[in-house]
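We name chains A, B, ... by the order of the sequence lines, and we start the count at 1 in each one.
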Amino acid sequence: MTKSDHQTKPIYQQIYTVVKEIPVGRVATYGQIGHVAGCSTPRMVGYAMAGLPKGTDVPWHRVINAAGKISPRGNPISSEIQRQLLQEEGITFTKSGNVNLNTYRWSGPTWEWLVEHGLDPEGLINR
DNA sequence: CTGATGACGGTGC
DNA sequence: GGCACCGCCATCA
């Protein structure tokens, strides 16, 4: 992950900003974040998350994959932490360890919010 | 500059 | 429902 200064990259800042908009008790998928942030591919979101500093104020734990599960990463401990944080926010997991996206998925930012951040809401149609 | 890698997603079998 | 492959593009060696 290299604590390099990739935060200087606008795309990263954009992703972080969107993630911060996710309300407590809700989750969003990498694809959704990427879509809202204007990324052409969800991989960029995952890459951006991987570059987050330890004491970040970005609620990275609210970002999960399209399967509604916590993405397995090199350090399994972090996965457990993420699961715990979500449970503390009232999110429940199934036996398979996946979240019910149909219930907890974030509806996304408002049209107004997108305009304020210079994004083009026309392609998003808000959910 | 070239090549490898990655917290993903969608499609096909 | 699960597994394998491909594409996507920023970052790093």
Side-chain angles (χ1 to χ4, degrees):
Chain A
M1 343 348 202
T2 69
K3 46 283 110 220
S4 306
D5 311 85
H6 12 54
Q7 292 188 0
T8 56
K9 233 32 176 143
I11 182 63
Y12 276 60
Q13 274 297 316
Q14 190 66 273
I15 292 172
Y16 298 148
T17 303
V18 174
V19 174
K20 286 181 187 173
E21 288 301 309
I22 305 173
V24 178
R26 286 283 168 67
V27 296
T29 66
Y30 293 92
Q32 184 179 3
I33 296 299
H35 190 63
V36 175
C39 291
S40 35
T41 119
R43 280 192 182 266
M44 297 296 87
V45 179
Y47 202 70
M49 292 297 106
L52 282 170
K54 191 175 178 184
T56 179
D57 52 338
V58 178
W60 56 272
H61 57 278
R62 293 181 195 146
V63 185
I64 59 182
N65 59 28
K69 294 179 183 170
I70 295 171
S71 300
R73 78 175 80 22
N75 187 359
I77 302 299
S78 298
S79 303
E80 294 180 30
I81 294 174
Q82 182 172 7
R83 197 193 69 162
Q84 186 182 325
L85 287 172
L86 290 175
Q87 288 183 86
E88 287 179 19
E89 294 186 354
I91 294 175
T92 59
F93 288 75
T94 64
K95 279 207 275 188
S96 335
N98 71 320
V99 178
N100 188 332
L101 286 176
N102 203 54
T103 301
Y104 298 109
R105 193 181 222 237
W106 178 39
S107 310
T110 63
W111 191 290
E112 177 180 277
W113 187 91
L114 291 171
V115 176
E116 270 182 52
H117 287 257
L119 293 176
D120 178 22
E122 289 185 39
L124 308 176
I125 319 296
N126 182 282
R127 150 175 47 92

Side-chain (A:Glu21) to main-chain (A:Trp113) donor-acceptor, under 3.5 angstrom: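 Checked: no pair found.
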Please report, rounded to the nearest Å, how far the [atom2] atom of [N] is from the [atom1] atom of [X].
| X | N | atom1 | atom2 | answer |
| --- | --- | --- | --- | --- |
| A:Ile15 | C:dC8 | CD1 | P | 18 Å |
| A:Tyr16 | B:dA7 | OH | C1' | 11 Å |
| A:Met49 | C:dA10 | CE | C1' | 14 Å |
| A:Tyr30 | B:dA7 | OH | P | 9 Å |
| A:Ile33 | C:dC9 | CD1 | P | 19 Å |
| A:Ile11 | C:dC8 | CD1 | P | 17 Å |

- prompt: salt bridge (charged side-chain N to carboxylate O under 4.0 Å, His left out): which pairs involve residues 49-59 of chain A, sequence neighbours left out?
  reply: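 Found A:Lys20-A:Asp57.
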statement: The complete set of salt bridge (charged side-chain N to carboxylate O under 4.0 Å, His left out) pairs with one or both residues in residues 95-118 of chain A, sequence neighbours excluded, reads none
query: With respect to the side chain of A:Tyr47, which nucleotide from B:dA7, C:dT11, C:dA10 is positioned closest?
result: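 Output: C:dT11.
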- prompt: Of all residues at least two apart in sequence or in a different chain, which pass the side-chain contact (heavy atoms from CB on, under 4.5 Å) check with A:Thr92?
  reply: A:Tyr104
statement: Taken in chain and number order and not counting sequence neighbours, the residues that satisfy side-chain contact (heavy atoms from CB on, under 4.5 Å) with A:Gln82 are A:Trp60, A:His61, A:Ile64, A:Ile70, A:Arg73, A:Leu86
Of all residues at least two apart in sequence or in a different chain, which pass the side-chain hydrogen bond (donor to acceptor under 3.5 Å, both in side chains) check with [X]?
| X | value |
| --- | --- |
| A:Glu80 | none |
| A:Gln87 | none |
| A:Thr41 | none |

- request: Name every residue in residues 61-71 of chain A that has at least one heavy atom under 4.0 Å from any atom of DNA chain B, in order of residue number, or write none if there are no such residues.
  value: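 Of all residues in residues 61-71 of chain A, the ones placing a heavy atom under 4.0 Å from DNA chain B are A:Asn65, A:Ala66, A:Ser71.
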Pairs under 3.5 Å (N/O, protein and nucleotides 3-7 of chain C):
| residue | atom | partner | partner atom | Å |
| --- | --- | --- | --- | --- |
| C:dG7 | O6 | A:Arg43 | NH2 | 2.6 |
| C:dG7 | N1 | A:Arg43 | NE | 3.4 |
| C:dG7 | N1 | A:Arg43 | NH2 | 3.3 |

